[in-house]
Amino acid sequence: MMKAIKAPRGTRDILPPDTALWNFVEAAVRDVFRAYNFQEIRTPIFESTELFARGVGEETDIVSKEMFTWEDRGRAESDKGQSLTLRPEATAGIVRAYIEHKMWDRGLNKFFCIGPMFRRERPQKGRYRQFYQIDAEVIGPASSGSDLPARDAEILEMLATLLHRLGITHWNLELNSVGSSQERVKFNEALRVALEPVKDKMCVDCQRRAVTNPLRVLDCKVPEDQPIIDKLPRITDFLEDESRKHFDAVQNILTKVGVPFSINTRLVRGLDYYTRTAFEFTHGALGAQNAILGGGRYDGLSEALGGPAAPGIGFAIGEDRLILSLQEKTPAEAVVRRPGVYVAPMAGMNADAAQLARELRRHDLVVELGDENFRLKKSFEAADKAGAKYILIVGENEVKADAFALKNLATGEQVQIGRAELAAWLKARIVP
Ligand code: HAM
């Protein structure tokens, strides 16, 4: 036998019935987002590498180590040599589209997208090389109010509403302000100074970060480094009036609307575009990869990508992780739609059975159709395997009488129902 080919490392197949759970989540997401007036946007899965270098930041782990990048060998001269990258996240692409289509002219400022992202990370539970994000962004000129703290609070409240709707409890919202870019320059400098005498006692990554991007030291997870990190300056001490007021206002609204949060002054996020509000929702049951979503404000991103001033805020939910935390309580079996009825044609009755199945499916019933070549025993087995609730036999007598025998596969109970009442009878007994 030839060697079988497997899915590449860090990718995985999402199979039925789990896909039903994914659809259940996405349907709830669309429903909740609609109530807040977000509209769907679909951007390309690959973009020019420069977009992420400029948007997410050259110094970040994502851009410096984790991108799937290649050089285009396209036929047209203009394509040749262009560096392209599978998107590691959605925000940069959405902001690019916002600028490219002058969305401010169309009054569009709230977007969401659902789709795969790609990062070359070391795979483990909850961490994949192809993973899925549910991403939402509010972006627009300051005149649209996109810079105001009420937007931050609204987004966080929307997330709390979504998690509640999905039945996900035990989450923790960690909130911080990473300040304006000027405030962060000062903070970075203070960190650099504070790290100078202690960095040699830290892990190799931190020794490098202490020089290239001291802020990233706060991300370090190495246990031995934690006592040192705990003594470093805190961003909150570097916030000036405007940023402090903004942060206070966000917290006031959250308290008023009843969204619990905790302040984590070490939360800096792994992307460079953030300003002021930054947040993560963690979930206890997920182990090491416990962030189910992350986001924040990115007031300078549009300008960094060659667009007009357009403050913005958004988040991305790690859909894979959201599903992991959901699976504890809601198994896929609870949301999958099994066939209500298995239509089993007797010999020579395929055409009549097809006609009947067509009628039933028009009434939004899930129907599995057998074949006239199957013996009755095989039809029953197939109906069982498919998880159908009823089996319906289509024979010559039934068609002549315009009435069909329906057998409940679990109880063995059998009833005779006229063709005209069939769909309504089944619908009344099948939970969608
Ligand atoms: P991020 O924190 O890099 O933010 O990713 C958001 C979420 O995506 C994480 O909290 C996690 O749940 C999930 N995630 C990230 N990497 C992986 C992976 N390798 N495997 C599975 N799940 C993963 C962003 O991407 C920003 N674009 C969010 C944002 C939107 N900020 C403003 N707007």
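Not measured: the values here are computed from a predicted model. Atoms within a ligand are numbered from 1 in the order they appear, just like the ligands themselves.
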Peer 1: For residues 48-61, which side-chain N or O atoms pair as donor and acceptor with protein atoms under 3.5 Å away, sequence neighbours left out?
Peer 2:
from, atom 1, to, atom 2, distance (Å)
T49, OG1, S83, O, 3.0
T49, OG1, S83, OG, 2.7
T49, OG1, L84, N, 3.3
T49, OG1, L84, O, 3.4
T49, OG1, T85, OG1, 2.8
E50, OE2, R54, NH1, 2.8
R54, NE, A304, O, 3.2
R54, NH2, A304, O, 3.3
T60, OG1, G57, O, 2.7
T60, OG1, V63, N, 3.3

Peer 1: Can Y342 and S379 be counted as having a side-chain donor-acceptor contact under 3.5 angstrom?
Peer 2: no
Peer 1: May I ask you to check whether E242 and S180 show a side-chain donor-acceptor distance below 3.5 Å?
Peer 2: no
Peer 1: Taking only residues two or more places apart in sequence or in another chain, which ones pass ring pair (Phe, Tyr, Trp, His ring centres under 6.0 Å) with F279?
Peer 2: none
Peer 1: For the pair E47 and R96, find out whether any cationic side-chain nitrogen is under 4.0 Å from an anionic carboxylate oxygen.
Peer 2: yes
Peer 1: Would you please write out the protein residues whose heavy atoms approach any atom of ligand 1 to under 4.0 angstrom, listed by chain and number?
Peer 2: E89, T91, R119, E121, G126, R127, Y128, F131, Q133, D135, E137, R269, L271, Y273, Y274, A291, I292, L293, G294, G295, G296, Y298, G314, F315, A316, G318, R321
Peer 1: Once side-chain contact (heavy atoms from CB on, under 4.5 Å) is applied, do any residues pair with N264, and if so which ones, sequence neighbours excluded?
Peer 2: E174, R266, L267
